[in-house]
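This report concerns only the one structure given below.
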Amino acid sequence: MAAVREERRLVTCMFVDVVGSTELTMQFGAERLKRELGAAFAELSRIITEHGGTVEKYIGDAIYALFGAPLAHDDDTLRALRTAEAMREWCVHGQPHGHPFAIRVGIETGEAIVDLEAAASTRQQMSVGAVVNIAARLQQRAEPGEILVGPTAREATAGAADLEQLGAAELKGIGTLPIWKLVRVGGTQIPALPFVGREAEIALLAHAYARANGGRSVLAVVSGPPGQGKTRLVQEFLRERGGGSRVIATRCRPADEVGVFAPLREILGVTTLDALAEQVGRLCTNDVECERVVAGLAESAGIATSRSLARLPTAERVDEIVQAWRRYLGILGQDHLVVLLIDDIHWADSSLVRLVDRLTFGGPRILVLATARPEFAEAAGIRPSGDRFFIELEGLEVGEARQLAALAGRSDERVIARAEGNPLFLVELARATRSDDLPLTLQGALGARLDQLPPTDRTLLSLAAVAGERFTAEDSAFLAQRDVVETGRALVRLADLHFLVVSDMGYRFHHGLVRDVAYGRLLSAERMRAHARFAREHVSPGDIDTLAYHWWEALRPPDAEWVWGSDATLSQMRHAAFAANLAAGKRHAGHAAIDQAVELLERALSFASDDRERADAEQALGVAYRQILRQDESWEHFTRALDLFRAHGAVPVDLYAELMRSAVFTGAFRRLPSVDEVVRIGEDGAAAAKAAGDLRLLSRILESHGAYLLNAHGGQRELGRSFIDAAIEAAESSGDAEARRSALLSKVSLLRGDGRIDESVPLLDEVGRSLEGADALERMDYVMERSGDALTRGDLRDAETRNRDLVALAEPMGPHNRTHAWSFVSDMLIARGDWDAVIELAHRTARLIADEKASAFCRAAASVLRDGAVAHALRSEREEAMALLRAIPTNDVQIDVVAGVPRALLGLNSPETDKEFASRRRTWPEWLDAAFRAVILSRPDAAERTVREMGRMTTSSVLGRAFAEAVHEAVAELRGGPPATYEALRQIGFVGWIEILRRRADAEY
Ligand SMILES: Nc1ncnc2c1ncn2[C@@H]1O[C@H](COP(=O)(O)OP(=O)(O)O)[C@@H](O)[C@H]1O
Ligand SMILES: [Mg+2]
């Protein structure tokens, strides 16, 4: 297997310079000073090692030490600070000769490349990274007795140390950095957040507690991965329910840190035999018994070896020890229940675990409460019994997780998803300043756990992480270049240790963050080569998303330059990377996953090796942006593609068609392209389509051109129509049914916009007859026109039937298309005056918009919200109406126009709206709104003028005629004539409209 000698790791570097005073030099002379310094170095090194650090080397009068390698702890930075504090203390008080040395210390945390072999053996040159230089510079800057701390170390201690800010310092060769001075460790702890959830577990613990209280010997083990909240749970439980008991707590650490005896000594609360004897003597009256108890306790806690016990064979000796503890705890528990809290028992020496097991197997009245990693209980061979409770702690539920994240200050869904319910991860991710980086505290905690593994297993995890969060045994064997069977065995072992979870397709990391840390340990070069090898030799060619990901990771800037250098296969790899990212990007755009699509296509662009490839990527970006109606970006990318293709030779006809299709959505541009530019592209496109003999695309281009002229040029409706007629003709010659239907529907909507309903109906029938082979979207376009047609014929029942089809067609579609259908439904409901339903639909739309942030919404969604606001306004529910207006998406919407009617009903002063209505009334709905507004605002002249300007619209359809009549009646009433009856509207059932026309704004403005 590929031996990984070097790892990228999070480490804390510490430089310590030892300075003797001039006075000292004078008094001691050089030779003695050297000897004293040597002794000081030895002592300081001992302090470093005791705190879990590694002395990497001595440089002149300085010591360079490392925390976090070869073994990481979850609190390495804090350990470094504690070490520095202990050294400073020793310098002041600890020296025999009374002439203190002083130390100058620099500490910083960061990523370094660590040579683990060197670390294990020679201890030469084991770490490289900017962090090393920063720590060295900080040390040079420190005054005697001063401990200077860099910004990352400060962040990693997250309030567990009292640090004084010294401002920004210029460090030679590094730049300006904010630096801090250590005042003392401890102090400004961040208070714990309120406790959330865990009712079921608390109830189980309460049960165990009650059982022990009743006289039994009970063991409860709370297990779970780090950060799952084990310690917090038992603490909260004891705080809430532990009143009346006597709690004795200890915490286990890896043996090399504190020795195997530390927990038992902590439980006893003494460290010498005399103290122990006195303590036991106070409790116990029988001298013989007292002596046996002391001997057993002292032996087990490593306080003293008793000669009488030493003579016994092991089994009997253990018996005696167990008996001593039973007796001791039995006496302690006579008046109160004793709760023995053993945190992190998985670190404990097996002798302690066996002691606990025997102690609670039919022993005295006691509750032993232990927390452990998930793998503990089974591995430790704890025997089950009715007095044993095993509580496996799972992640918080989503609601609880959200609550905790909110308490920690940030509850965005990304944080919640990434934490997977682990409270520690939740809190740390929520508090982290940069949302994408893994907080240092977590890197430390997870890294420490990885370091418990043998190096080969750890490397296997790191390499498997290249495949992703999920992988198969084959994937990881391939990446690690190991035998599959052997790898499979290792993976099972890692699953037993809860680093991995066995899943249906293989394995996945127990937690995504574990994967991130394991992956982060690989050197960039190693990682990039592994991704390339995986993409080239292992991923199936059809799996474009996976390929795109691995090629990106293999070649991503900025490291790619130096990793691959002059590699002969680089251009070949870049080409593969381009193709995979382009294909994956297009696929995502087709599924309306626009953010990913854009990201992938930008990557494709970065891999493109010539203008031709760049143009392809730009075109795909244009399509992606148009999906979410970001027309400015869409247009920009399309025109860039156009320029690139032009420089390259031929422009594909479909690019012209795309450009023209984009140009049509004039309402969605912030900066409209000039009419000349669009018209020229339309003409070039038509010429290119003709030259290529592509009548289908010719039809598309002409149709868009016509629609563009209608939209951009209210005045050029005739010209627009001639383009659409030409499009119909081209489509007919092409024999392409879809192009023909599309052009015909464009014409229908053009005619209806002009109020020429009578002419539109035969065309609509024609489309209806040729729907064979149409897809759902096309059918929807057709049914929408049908529904609109039914409404203008004043046939609400037909509209209802059509709308039912429409909603059924739209139901499986994306959010945007669903709101298209809903806007027709809303039109019908408003006409009927079914206000409850109008409001319901509007709120459903508002929720959809809020939930689907990645989608773009258009005038259709806006009009449903607007209708809801109208309904609320009629009921004088002002706040609700305003809330719906605020929810209107503004990208493709002229809010002043859309909100015209509800604003009038709410009596809002809207000069902007008045201006818009004066300048841009063109189509049927906008005319209607203008007339409604004029009546509501009691402006008879404006109302009369509007209806007059509507021209044919008021004569060519049933609804047009009824509406004109209604407005005329309203105008007469406003001028002091007879009250309006609105009989014509009533006859076709448009009672909702009547209600609106009857309403007058409270005050003229
Ligand atoms: N239910 C909870 N509600 C609020 N905070 C919690 C909860 N569980 C854990 N935490 C917090 O999450 C962090 C990790 O919890 P901890 O008990 O130390 O985990 P473990 O002992 O399992 O490693 C701590 O800061 C703790 O206060
Ligand atoms: Mg804990």
Side-chain angles (χ1 to χ4, degrees), residues 72-75 78 156-160 188-206 220-241 247 249-254 257-258 263 266 341-348 369-377 390-411 415-416 418-432 438-450 452 497-499 510-511 513-514 517:
H73 308 86
D74 52 10
D75 53 354
L78 202 56
T157 45
T188 57
Q189 278 285 4
I190 302 169
L193 297 168
F195 187 63
V196 175
R198 303 296 193 207
E199 284 83 11
E201 290 84 359
I202 295 268
L204 274 172
L205 287 175
V221 180
V222 178
S223 64
Q228 198 79 301
K230 304 179 290 293
T231 306
R232 181 74 189 267
L233 171 67
V234 294
Q235 280 168 351
E236 290 293 328
F237 170 74
L238 290 174
R239 209 168 49 81
E240 287 286 313
R241 316 275 184 100
V247 180
T250 188
R251 174 167 169 256
C252 307
R253 296 295 303 158
E257 280 177 29
V258 292
E266 200 171 1
L341 182 59
I342 307 179
D343 207 7
D344 292 337
I345 196 171
H346 51 274
W347 292 125
L369 213 50
T371 68
R373 296 281 161 80
E375 59 273 19
F376 168 76
F390 296 96
I391 302 170
E392 171 98 40
L393 211 50
E394 300 191 334
L396 293 175
E397 282 162 26
V398 176
E400 296 164 354
R402 208 165 272 145
Q403 195 186 341
L404 186 57
L407 287 166
R410 215 172 74 217
S411 57
V415 164
I416 288 154
R418 217 169 155 218
E420 297 174 31
N422 183 302
L424 175 71
F425 299 174
L426 263 172
V427 173
E428 295 294 334
L429 288 171
R431 279 177 178 160
L438 187 56
L440 297 167
T441 37
L442 284 190
Q443 276 190 54
L446 297 169
R449 184 138 194 262
L450 279 182
Q452 303 304 314
L497 294 173
H498 292 256
F499 282 95
H510 187 270
H511 201 287
L513 299 180
V514 174
V517 173

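In listed order, ligands and their atoms are each counted from 1. Positions are given from 1 along the sequence.
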Please check if the number of heavy atoms outside E397 that lie under 6.0 Å from its CD is greater than 12. no
Could you state the interatomic distance from CZ (R373) to CH2 (W347), rounded to the nearest 0.5 Å? 5.5 Å
When you check ligand 1 against the protein, what N or O pairs turn up below 3.5 Å? List the atom names and distances, or just say none.
from, atom 1, to, atom 2, distance (Å)
ligand 1, 1 (N), V196, O, 2.8
ligand 1, 3 (N), V196, N, 2.8
ligand 1, 5 (N), R232, NH1, 3.3
ligand 1, 17 (O), T231, N, 3.2
ligand 1, 17 (O), R232, N, 2.8
ligand 1, 19 (O), G229, N, 3.1
ligand 1, 21 (O), T231, N, 3.0
ligand 1, 21 (O), T231, OG1, 2.7
ligand 1, 22 (O), Q228, N, 3.2
ligand 1, 22 (O), G229, N, 2.9
ligand 1, 22 (O), K230, N, 2.8
ligand 1, 22 (O), K230, NZ, 2.8
ligand 1, 23 (O), G227, N, 2.7
ligand 1, 27 (O), R232, NH1, 2.8

Any side-chain heavy-atom pair of F425 and E420 under 4.5 Å: no
Quick check: does T231 have an N/O/S atom under 2.8 Å of the Mg ion (ligand 2)? yes
CG/L393 to CZ/R232 distance, rounded to the nearest 0.5 angstrom? 12.5 Å
Sort out for me which residue in D343, T371, I391 forms a side-chain contact (heavy atoms from CB on, under 4.5 Å) with K230. T371
Between L369 and the options I342, L205, V247, the side-chain contact (heavy atoms from CB on, under 4.5 Å) test singles out L205
